[in-house]
Structure formats: structure tokens, C-alpha cells
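Report on the following structure.
The basis for the numbers below is simple: all heavy atoms, side chains too, and nothing from hydrogens, waters or symmetry mates.
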Amino acid sequence: MKKALLYTLPAVVAGIAAGIGVLLINPKAGSGIGDAIYSHGQELESYAYAVNRAAPSVVNIYVATLNHDYSGQSTGTITTSASGVIMSKDGYIVTNYHVIPSVTAPNTSIFAQSRDGKVYQAFIVGYDRRTDIAVLKIEAQDLPPIPFDTNYQVQVGDVVLAIGNPNNLGQTVTHGIVSATARTGSGLLTREQMNIREGLQDLIQTDAPINQGNSGGALISTAGELVGINTASFNSLRYGTYGIGFAVPTRLVVYVMQEIIKHGRVIRGYLGISDGGTTQLPDSNQVGVRVGYIDPYGPAAQSDLRVGDWIVEVDGKGILDVRSLIDIISSTQPGTVMQITVRRNGQELTIPITLAEDRPNVD
């Protein structure tokens with residue numbers, strides 16, 4: 001023990017002497033060393049890492065009317081400003097369907113502006129009204145695609161950041177939490193009742209501020225990975241509502257994007273009914289989906305299905321609610337004959353119906 005002390009003592013004395021020397025030359029060094037030691041053990045609450053990782057992949061989207069000779073956006077007029085997310089190095093960008101111009105709109109063009117200020121003309125690859133997703137393509141290489149994990153399971157309470165171009169102010173970041181998951185509407189299986197809240201979105205609800213222009217932007221995790229594509233918000237001073245925003249989850253975004261790139265559209269089965277917005281009381285023993293409307297041009301209209309029937313099974317699978325019915329129908333290929341089991345006047349009937357293709361993009 002004494003021998004070990006003899007070996008270490010000179011080093012300790014030399015270290016103390018060196019420290020005293022430093023303090024004599026620069027008395028403020030002690031304060032700096034103390035601050036460094038103190039701050040090393042502190043957790044600084046910052047999302048800079050996540051933003052720096054994801055923000056280069058978020059672009060500003062502009063819809064502009066062209067000048068009389070169809071050249072240059074600089075002499076055109078911007079009619080819409082929104083956001084988009086780079087999904088691949090070779091220029092595929094995801095944004096919202098409600099952002100892009102109608103195919104019948106004359107003299108319009110879409111432009112994407114990257115974070116470094118470069119402006120690219122964008123072309124519509126395809127879109128899906130059911131999920132409010134559109135896919136654009138720009139001619140560029142080595143772009144920074146946003147990091148994402150389709151296996152990521154979002155949970156209520158997760159901290160999320162929204163990145164976009166609100167009110168054309170330029171790229172802006174807001175933050176909040178995931179307020180709810182699997183949000184959807186009713187009337188989901190008919191063309192006529194389709195709108196932004198009535199589709200297959202399976203939406204994430206968040207209180208991260210999503211303002212006009214954030215549409216199509218990224219909702220990210222604190223790891224800087226894509227959680228979803230911002231699509232809508234219910235912010236109203238008139239009704240006193242705020243902090244209610246929605247995003248399409250990443251897994252659904254990637255699936256829709258891949259289908260659009262491969263087929264030009266998302267191929268889904270179509271039954272042609274709506275539940276009519278009916279809602280069961282919490283203590284109700286009735287399960288299934290009540291048929292509230294039948295599309296006169298849909299496959300259900302060619303069968304014995306009637307308004308007022310309760311759909312309780314499809315191909316032997318139990319139907320508890322609208323969500324489960326939508327999942328089964330939309331994931332089945334058009335042309336498939338499905339056995340629809342209903343309850344009618346106390347009796348149970350099985351009705352075969354051949355699904356058509358869901359074509360919500362056809363006006």
C-alpha cells in the first residue's frame with residue numbers, strides 16, 4: 001500500500017501544482033471548468049437533433065398560374081402554398097391531395113422549394129382522395145429523404161414536432177404530443193360522402209399547431225423520424241376549438257405512395273354502402289354496422305342487401321364496427337365474391353356480393 005502511494009503521490013502533486021499554475025495565469029479558468037463539470041450532468045431539453053435530421057427533407061409546395069406563354073414561375077401568380085416531404089433520393093415527394101390543383105385547372109403548375117432555396121418544377125405521379133395523399137416527382141438526384149420506420153408504433157402521449165410552411169412564412173417547427181390514434185369518420189364507403197374527414201386515413205390526432213400551409217408537411221418523432229403527413233386541423237376561434245390536428249400515419253403513407261408509383265392509383269375493393277352516420281350507445285348490445293345508404297351504382301345495389309340491415313360478418317369474420325368493415329373491404333381485390341352476413345327482422349341471412357374497384361379519384 002505504501003509502495004503504491006509512493007508511485008502515485010508525485011503525479012497527484014504535479015497535477016495540483018499545474019492546476020494552481022493555470023489559475024494564477026487565468027483565474028477565470030476555474031469558473032469555466034466548474035461550468036463544464038456541472039453542465040455535463042444536466043439534460044438540456046432540446047429537439048434540435050430531431051429537427052436537423054428531418055427538416056432538410058421538408059419542402060415548400062407552391063401551386064402557381066403560369067403566364068400567357070406557359071413559361072417560368074417568376075411571372076406567374078402563386079395561388080396555394082403548402083408543404084411536402086422528400087421520400088426518396090431520386091425526387092419522389094409526398095404531399096396532400098387537397099393541396100394539388102385539379103386535373104381540369106387550366107394554366108397551373110406545381111413547384112417544390114427545398115430548404116436550401118432551390119426551386120424545382122414538380123409533376124403529379126398520382127393521388128388518393130381516400131387518404132388525402134398525393135405523390136409528386138421532381139427531376140433531381142441525391143436528395144435527402146426523410147428517415148422513417150414503417151414498424152414504428154405511435155402511442156398517445158408521444159412528443160411530436162410538426163414541420164411545414166404555415167401561411168407561407170417559410171419552414172417552421174411546432175411541437176406537441178399525440179392526443180389520439182386511429183381517428184376516422186363515418187360514411188366511409190361511398191363516393192358521394194367522401195371528404196377530408198371521411199376516408200381511410202386512420203388518422204393520428206395531435207395538439208402540435210398545424211396551420212394553413214402545414215398541409216403535406218412532416219409530423220416527426222423526437223428521433224427525427226417521420227410519424228405522419230400533416231393533413232388537417234380543427235382550429236376555430238368561433239367555436240373555441242384549438243390544438244386538434246391530424247396526420248396520416250407513416251405506414252399508410254408509404255403503402256399509398258408505393259401503390260401510386262406502381263399502379264398510378266391505390267387498388268381497393270368497393271362495396272358501395274354507408275353506415276349513414278349511425279352511432280350506437282355505449283351500453284348497446286348490438287354489434288355490426290347498420291346499412292344506412294346504398295350507392296345505386298355500386299355492387300351492393302345489385303344484391304339483396306337493404307337499408308336497415310345489420311352487417312355482422314364478412315366471409316366468416318366478425319364485424320364489430322365501421323373500421324373493421326372498411327379494413328376488410330378495402331384490403332380485398334376487386335372482383336372478389338364476398339359472403340356478407342346480415343341480421344334482418346330477427347333473422348340472419350348471407351348475401352353474396354362481388355366487389356367492384358373503389359374509384360374515388362373519378363369525378
Side-chain donor-acceptor contact under 3.5 Å, Tyr62 with Asn168
yes
Greater than 12 external heavy atoms within 6.0 Å of Glu259's CD
yes
Taking the side chain from Asp149 and the backbone from Asn151, do they hold a donor-acceptor pair closer than 3.5 Å?
yes
Hydrophobic cluster identity match, Phe123 and Ile86, side-chain contacts under 4.5 Å
no
Tell me if a side-chain donor or acceptor on Glu357 pairs with a main-chain N or O of Ile267 at a distance below 3.5 Å.
no
Backbone of Tyr97 reached by a side-chain donor or acceptor of Asp132 within 3.5 Å
yes
So, do Leu203 and Thr181 sit near enough that their side-chain heavy atoms are less than 4.5 Å apart?
no
In terms of side-chain heavy atoms, does Ser109 have a donor or acceptor partner in Gln121 at a distance below 3.5 Å?
yes
Indicate yes or no for a side-chain donor-acceptor contact from Thr250 to the backbone of Val227 under 3.5 Å, with no hydrogens or angles considered.
yes
Is the shortest heavy-atom distance from the side chain of Val312 to the side chain of Arg343 under 4.5 Å?
yes
Measuring only between side-chain heavy atoms, which start at C-beta, is Val160 closer than 4.5 Å to Ser221?
no
Would Val94 and Ile133 satisfy side-chain contact (heavy atoms from CB on, under 4.5 Å), going step by step from the backbone distance to the final call?
CA-CA 7 Å; Val94 164; Ile133 291 296; 4.1 Å; yes
Side chains of Arg115 and Gln171 in contact at under 4.5 Å (non-hydrogen atoms)
yes
Heavy-atom donor-acceptor pair, Ser83 side chain to Asn165 backbone, under 3.5 Å
yes
Walk me through it: do Leu305 and Val291 pass the test side-chain contact (heavy atoms from CB on, under 4.5 Å)?
CA-CA 8 Å; Leu305 197 68; Val291 179; 4.2 Å; yes
Lys317 (side chain) donor-acceptor with Ser324 (main chain) under 3.5 angstrom
no
Output yes when a side-chain donor or acceptor of Thr95 lies under 3.5 Å from a complementary backbone atom of Gly216, and no otherwise.
no
Between Thr354 and Val337 (side chain of the first, backbone of the second, donor and acceptor by atom type, cut-off under 3.5 Å), is there such a pair?
no
Hey, does the side chain of Asp207 reach the backbone of Ile177 with a donor-acceptor pair shorter than 3.5 angstrom?
yes
Would you please test Arg290 and Asp309 for salt bridge (Lys or Arg N to Asp or Glu O under 4.0 Å) and show each step?
CA-CA 6 Å; Arg290 180 183 179 275; Asp309 288 348; over 6 Å; no
Is Thr336 reaching over with its side chain to a backbone N or O of Thr332, donor-acceptor style, under 3.5 angstrom?
no
Have Asp295 and Tyr270 got a donor and an acceptor in their side chains that come within less than 3.5 Å?
yes
May I ask you to check whether Thr131 and Asp128 show a side-chain donor-acceptor distance below 3.5 Å?
yes
